[in-house]
Amino acid sequence: MSETLLDLIAEGVAAGGTAVVADHREVSYVELEELSNQAAHWLRARGVGPESVVGVRLERGLEMVVALVGILKTGAAYLPLDPDYPEDRLRFMIEDSGAELVIEPGDLTGLAQPAYPVNVLVRPENAAYVIYTSGSTGRPKGVVIEHRGIVNRLRWMQDEYGLTPQDRVLQKTPFGFDVSVWEFFWTLSVGATLVMARPGGHRDPAYLAEVMSEGITTAHFVPSMLRAFLAGPVPPLPLRRVLCSGEALPDELAARFHRMVGAELHNLYGPTEASVDVTATRCRPGEPVTIGYPIANTRIHLLDGELTIAGVQLARGYLNRPALTAEKFVPNPFAEQPGERLYRTGDRARQRADGAFEYLGRFDHQVKIHGNRIELGEVEAALHGHPMIAAAAAAVQDDRLVAYCVYREGAPPSTSELRAHLARTLPEPMLPAVWIPLPALPLTPSGKIDRNALPEPDGTRPELAGGYVEPRNATEAAIAGIWAEALGVSPVGVHDPFLELGGRSLAATRICARISRNTGRRLSVADLFTAPTVAELAEVVEAAPPISNVHSGHKAISPAQHRMWFLDQLSGPSSTYTMYEAYRCAGELDVEALRRALAEVVRRHEALRTTFRSRRGEPELVVSAETDVPLTVVDGSAEEIVEAELSRPFDLARGPLLRCAVIRGEPGRFTLLAVLHHIIADDTSMEIFWRDLAECYAGRADALPELTASYPAPDQSGLEYWKSALAGAPPAIELPDSLPRPARQAQLEGTVEFSVPQQVLTALESVATEAGATGFMALLAAFVLDLSRATGRDDLVVGTFAGNRPSVEAEDLIGLFVNTLALRVRVPGDPEYREVLDAVREAVLGGFRHQDVPFDQVVTAVRPPRDLSRNPVAQVAFQSLGSLSDRLRLDGVRAEPWRAGQGGNPFDVLVTVREHPAGLAGTLHYDRALFAEAAAKTMADRFVQVVHTVAVAPGTRGSQLPR
Ligand code: AMP
């Protein structure tokens, strides 16, 4: 191979439009080319050329990209110098690498250099970058990668995944890790767009979800960060592929990914010493994770179980460390060409019969903590550098780095002092989270440290420079409690520094989410680092604005509530909007405890104490302090009593808008029923209701998050999206086989149940994953295909519902958040199911990004013809809801979902699917004034048949569906 990174970048420049998006600024390939040429001239003028090393000490941003490309253009190798690293470590790296120059912030701005290319001959065997990794003897080691190695890696990547100029890749990996190399240069080599996460943004899942929803198609995650990311609410994302690497990817995390994200998942493996990655595989739903197969021009040999690598991607070696280089890069006994080397990774692996490699762990004391490669030996060497430490060992326990120290005689140093000592040379991820003093290190008979005998941390507060100070008010006490839980340390004093208690980025992420959730105040991970004690953070929390987008106090009435109230005024109290869930239960019920629990749930949730009275023709929301909710306890036929409860209308002005019943059957058996008016709840609220009820019933009310947030403030910023998406939408859909339409919607609900077996669902999920779509999108696409076939239309508007919870905090609230989305899907020319799926995916992604625009406002804006006989804009709808199976978990009671209703269906036909242990449980809701039961049943059967068909034959076209 005779190429360099510069050849690759030149191809990108020829193909691409926008090269970089950083700090809301877009930079074209032409501009990037000019800026980096100027940087190259500037560097040339300072004597930089092939085989020079140039340090880059910059934050993530445009200037960083310009610096890296500019350095490569001079033929030099770049040396990333993360500004977050300790000064001593950076100085060591600069000196050790012999860097001729270090680019600092501002150096490359407003250069007066020429914008034409510099004239330098760069060869494939020239060094492209130098990345330092932890060294077991106490000194970091610089890995030198040549152009030919990284070019091979990037060419393989493009052959494998085929990025296009339309793709947008997120650059979030700190550039001291080699994953960043492909983020930068794969993107730039194909003319795609590199979107730079803001500095520090890679630690903040909420921020990442936000940037990714803006068109990111490709992103990398270290598995531990993927876990943190998937722990939060994840909106539908336009992602096509997620690449994981850096540490083992557990099966269960991959499965979680497939459930939550509609994108391909790939697992890649490799050390910095072999140009980023050397094996890879696609992870498919239901299959165990492996690290896959060797990539192009790479061979993997297992020598006594150790994974070794041969091929063009091997590094030149470690800078200035010939002995270490010779130890790790050995002559290849299987050489195909003379002089070939083999890199010994120290990883334990085995090969499956199908050739895929499985990662099993390490042979040595190199560890990974949240993706950071750490030699325990380096940490131990730093510990030994402290004058008071006689002996020390480092180990990983529960994902935390633990230091064991034997002190010399005299007053032992405080943890703060030790930490400060280490922080002079070690970056944050290498600092121990837990410090354990020992009288002596446990030794094996041969005199080595007996690592298995090192004690586990017991969670007591470490000795810190400042003494323990108890929380002095409620905010401090709450924050200290959250810290203690997240850090596994107790007690937490109000002046204890976060980092010294062992706090790390991932713990910070969890803590912020909890505090925001419990206090209703928005906190960012950065706040925790600028106010790193409980006392300081308590001040920040108290001064922080309440979570934006959410009104505290619940005084505003939302458009959806307004509509329900208005219809109620028009037609008088009715059961149209009655929601309910009934569970068949077995076990002993403590009725008094249930009554108390119910009162506690009502106390927690303002919505359950709310009524709507009319004042001068407008609804006014009234919140009462009354927590008494009717709980009827009766004996008798569950069928009859449920029917009677459902036919009793709610009085919106008087309330209560929730009532419950326990219907006793045979001994030890009963039915539990909750009936609510939809104006105060939605399906997610039901989940919260049962969860909170069960917690309070079990006497764990204290464990529930305190609630302060309430309804979202109306938002209109996405209205333009809906106006343009729905512009020129065809008139109302008329389904075949319908009865004459009454002049006014009757909304007489009829239902037909259906199911889809698990194996069909799994097959469909595979089709979905293939297309970068979620299971929901795949089902909706089957629905659309069927609908288009049945109506002969190729331009359809289908309703669905979005949870529309505006923040993490709102995830715990009962209330009416759900919003109707009218998705426009065009399927011209009898397309294959797969193409329909693509169209549905686009519509869902666009729609969910603008889910906060109330449907009523969309209707007002698009002004459909006035027609009281049908729902405006969308007449058919499809939704996927959470499983009912484990919603109700009362202590000592086994509960089976029995019946449920969602409170009103304005659509002619609405299909609801829910996950179910045996597959999918579906309900087709129809208006009995419009369809005979037989016609509804045919519709349900046909939908199920289409799902079966497309799950095995995604190439099916509408015209090929059975009639
Ligand atoms: P680094 O040089 O930082 O890329 O770290 C390389 C080491 O990370 C490898 O030697 C492995 O121990 C570990 N590693 C990288 N990728 C994976 C993976 N996909 N699965 C398991 N371990 C991995």
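Each ligand, and each atom within it, is numbered from 1 in the order the structure gives. Just so you know, these numbers use all the heavy atoms, side chains as well, and skip hydrogens, waters and symmetry mates.
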Distance filter under 4.0 Å to Gly270 heavy atoms, resulting ligand 1 atoms: 4 (O), 6 (C), 15 (C), 16 (N)
Donor-acceptor contact below 3.5 Å, side chain Asn267 vs main chain Thr290: yes
Thr133 N/O to ligand 1 N/O under 3.5 Å: no
Polar side chain donor-acceptor pair, Thr173 to Glu183, under 3.5 angstrom: yes
Within reach of ligand 1, part of Tyr359 (heavy-atom separation under 4.0 Å): side chain
Proximity to ligand 1 by part of Glu247, non-hydrogen separation under 4.0 Å: backbone
Leu268 heavy atom under 4.0 Å from ligand 1: yes
Exam field: side chain Ser446 to backbone Thr444, donor-acceptor pair closer than 3.5 Å: no
Subset of ligand 1 atoms that lie under 4.0 Å from at least one heavy atom of Arg362: 10 (O), 12 (O)
Nearest-contact summary for atom 16 (N) of ligand 1 - protein heavy atom, Å: Gly246 N, 3.1 Å
Numbered atoms and elements of ligand 1 in range of Thr272, under 4.0 angstrom, heavy atoms: 1 (P), 2 (O), 3 (O), 4 (O)
Contact with ligand 1 for Asn267, non-hydrogen, under 4.0 angstrom: yes
Spacing of CD1 belonging to Ile131 relative to NZ belonging to Lys141, to within rounding of 0.5 Å: 13.0 Å
Side-chain H-bond candidate by donor/acceptor type, Gln171 with Ser180, under 3.5 Å: no
Nearest neighbour in protein (non-hydrogen) for atom 12 (O) of ligand 1: Asp347 OD1, 2.6 Å
Shortest protein contact, atom 5 (O) of ligand 1 (heavy atom only): Lys368 NZ, 2.8 Å
Pair Arg284-His258, side-chain donor/acceptor within less than 3.5 Å: no
Under 3.5 Å side-chain donor-acceptor pair for Glu273 and Tyr318: yes
Pair Phe221 and Phe229, ring centroids less than 6.0 Å apart: yes
